[in-house]
Protein chains: 2
Amino acid sequence: MYEKKIPLRLDCGLHLFKELLNGKWKLMLIYYISAGLKRPGELQRKIGTADRRVLTNQLNELVKHGFVDKKVFDTKIPKVEYGLTTLGQSLLPIILALETWGENNRTVLEKALQEQVQDNP
Amino acid sequence: MYEKKIPLRLDCGLHLFKELLNGKWKLMLIYYISAGLKRPGELQRKIGTADRRVLTNQLNELVKHGFVDKKVFDTKIPKVEYGLTTLGQSLLPIILALETWGENNRTVLEKALQEQVQDNP
DNA sequence: CAGTATAGTGATTAATTTATGCGTACTTGA
DNA sequence: TCAAGTACGCATAAATTAATCACTATACTG
């Protein structure tokens with residue numbers, strides 16, 4: 001795995017959050033797991049555009065960091081189920097707040113993102 | 001500026017938030033501006049480890065995207081003041097929630113981050 | 001048996017973000 | 001006049017994250 005060269009900033013809660021949950025799909029994965037999608041395949045189909053291996057990596061990190069737990073069933077056909085730990089569940093209010101904020105401001109935010117594009121024709 | 005090659009995901013509020021506010025110091029800048037630090041120099045001294053140019057870039061993006069406004073005073077000595085727009089203010093509850101979450105779980109989170117280090121001796 | 005589904009990995013490349021080197025320009029105070 | 005403070009910016013290097021290539025292995029289904 002990748003070894004960081006720049007020392008982490010742990011001095012405030014914002015950075016703790018960022019260091020652990022910055023991954024592109026992490027919050028979405030936690031959200032979908034909370035919504036009942038437990039199997040890797042389900043999550044992959046749900047998210048669609050994200051590659052299987054990217055999701056696997058992010059899930060592994062979520063497990064390693066204690067947000068998600070993983071049950072591997074010793075069946076002939078591989079079977080895996082993810083679930084949220086208490087720590088993972090503690091993120092749900094924040095995830096919902098972020099999601100709500102984004103949807104409430106969607107019009108303005110999409111316009112803001114277009115600025116970027118227009119700056120680079 | 002950098003031009004993205006992978007199309008943005010705008011399908012959910014989480015990604016809208018992420019695309020616009022993923023920058024390493026953005027939320028912290030918004031927080032400090034809300035706390036009354038308006039001048040670039042003040043913000044730079046407050047954050048310390050972050051380079052001047054990095055903060056300037058992030059502030060410029062926050063302005064461009066409508067979270068922060070910038071007043072340039074036409075005085076002999078350059079003077080600039082930042083302030084939050086309504087959109088920027090709408091983030092404050094979320095920022096406080098993130099900060100609180102991080103501090104409430106600091107012990108566990110720091111241990112989780114050490115996992116990373118121990119995996120790479 | 002061929003096709004599809006389950007789940008996964010190691011190595012590599014591409015994309016993106018952050019940091020830095022080297023400048024500008026003006027003013028105040030010692 | 002020189003140091004320090006105000007503020008900004010382009011171009012490039014470095015660091016980090018995401019995406020992809022090329023694979024393994026087993027088991028259903030038809």
Side-chain angles (χ1 to χ4, degrees), chain A residues 1-9 15 18-29 37-65 68 70-82 113 116-117 119-120, chain B residues 1-9 15 18-29 37-65 68 70-82 113 116-117 119-120:
Chain A
M1 207 201 137
Y2 182 74
E3 186 169 358
K4 299 223 171 157
K5 295 177 185 171
I6 292 182
L8 301 185
R9 298 255 335 200
H15 273 107
K18 199 156 202 326
E19 289 297 339
L20 287 162
L21 294 159
N22 195 29
K24 186 164 177 178
W25 310 98
K26 284 185 179 176
L27 295 182
M28 190 173 282
L29 285 168
L37 302 182
K38 309 178 181 184
R39 310 286 301 276
E42 289 178 320
L43 292 164
Q44 285 156 24
R45 277 189 295 277
K46 183 73 180 178
I47 295 188
T49 57
D51 185 82
R52 178 171 57 83
R53 278 149 296 191
V54 175
L55 292 184
T56 304
N57 283 344
Q58 307 246 324
L59 284 165
N60 286 343
E61 284 196 18
L62 287 173
V63 171
K64 181 172 73 177
H65 291 151
V68 166
K70 176 178 184 173
K71 267 178 275 186
V72 180
F73 293 84
D74 194 16
T75 49
K76 304 133 200 174
I77 288 190
K79 179 177 176 185
V80 168
E81 277 186 13
Y82 292 105
L113 280 167
Q116 271 187 346
V117 177
D119 285 351
N120 309 295
Chain B
M1 207 201 137
Y2 182 74
E3 187 168 359
K4 299 223 170 158
K5 295 177 184 169
I6 293 181
L8 301 186
R9 297 253 337 199
H15 274 107
K18 199 157 201 327
E19 289 296 340
L20 288 162
L21 294 158
N22 196 28
K24 186 164 177 179
W25 310 99
K26 283 185 179 176
L27 296 182
M28 191 173 282
L29 285 168
L37 301 182
K38 310 178 181 182
R39 310 286 302 277
E42 288 179 321
L43 292 163
Q44 284 156 23
R45 276 189 296 276
K46 184 71 179 180
I47 295 187
T49 57
D51 185 82
R52 172 178 63 83
R53 281 150 295 185
V54 175
L55 293 183
T56 305
N57 283 345
Q58 307 245 326
L59 284 164
N60 286 343
E61 284 195 19
L62 288 173
V63 170
K64 181 171 73 177
H65 291 151
V68 167
K70 176 178 183 173
K71 268 178 272 185
V72 180
F73 294 84
D74 193 16
T75 48
K76 302 134 202 175
I77 289 190
K79 179 177 174 182
V80 168
E81 277 186 12
Y82 292 104
L113 280 168
Q116 272 188 345
V117 177
D119 286 352
N120 309 295

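Chain naming here is simple, since letters A, B, ... match the order of the sequence lines and numbering starts at 1 in each.
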With distance as the sole test, does K18(B) use its side chain to make a donor-acceptor pair with the main-chain N or O of N22(A) at under 3.5 Å?
-> yes
Pairwise 5' ranking along DNA chain D for I77(B) and N60(B), keeping only the more 5' one = I77(B)
Which residues satisfy the side-chain contact (heavy atoms from CB on, under 4.5 Å) test with V80(B), sequence neighbours excluded?
-> P40(B), K70(B), V72(B), Y82(B)
Value in whole Å for how far the P atom of dA7(D) lies from NZ of K71(B) = 15 Å
Tell me, for nucleotides 18-23 of chain D in 5' to 3' order, what letter each nucleotide earns: B for a base near a protein heavy atom under 4.0 Å, S for only sugar-phosphate near one, - for neither?
-> SBBBB-
Taking every heavy atom of M28(B) against every heavy atom of I47(B), the minimum-distance pair comes out as SD-CD1, 4.1 Å
Within residues 43-60 of chain A or reaching into it, pairs that qualify as salt bridge (Lys or Arg N to Asp or Glu O under 4.0 Å) - sequence neighbours excluded | D51(A)-R53(A)
Beyond-backbone contact of W25(A) with N57(A), side-chain heavy atoms, under 4.5 angstrom | no
Which atom pair, heavy atoms only, marks the closest approach of K79(A) to E81(A)?
-> CE-OE2, 3.7 Å
Residues two or more places apart in sequence or in another chain: which of them pass salt bridge (charged side-chain N to carboxylate O under 4.0 Å, His left out) with K26(B)?
-> E61(B)
Under 4.0 Å from any heavy atom of chain B: name the first and the last nucleotide of DNA chain C that qualifies, 5' to 3'.
-> dA15(C) to dT28(C)
Take K24(B) and H15(A) through the side chain to side chain contact (heavy atoms under 4.5 Å, CB included) test and state the conclusion after the steps.
-> CA-CA 8 Å; K24(B) 186 164 177 179; H15(A) 273 107; 4.3 Å; yes
Return the residues of residues 39-46 of chain B meeting this criterion: a heavy atom under 4.0 Å from some atom of DNA chain D. Order them by number, or give none.
-> R39(B), P40(B), G41(B), R45(B)
Between K4(B) and E19(B) the two heavy atoms that sit nearest each other are NZ-OE1, 3.0 Å
Evaluate the criterion side chain to side chain contact (heavy atoms under 4.5 Å, CB included) for residue pair L59(A) and L43(A); output intermediate values, then yes/no.
-> CA-CA 10 Å; L59(A) 284 165; L43(A) 292 164; 4.3 Å; yes
Should L62(A) and L20(A) be marked as a side chain to side chain contact (heavy atoms under 4.5 Å, CB included) after you check the CA-CA gap, both sets of side-chain angles, and the distance that decides it?
-> CA-CA 8 Å; L62(A) 287 173; L20(A) 287 162; over 6 Å; no
So, is K5(A) close to the dT17(D) phosphate, meaning a side-chain N or O under 4.0 Å from OP1 or OP2?
-> no
Separation of dA15(D) atom P from R9(A) atom CZ, nearest Å, is 19 Å
Hey, does K70(A) reach any base, or is it just sugar-phosphate, or nothing, if we go heavy atoms under 4.0 Å?
-> sugar-phosphate
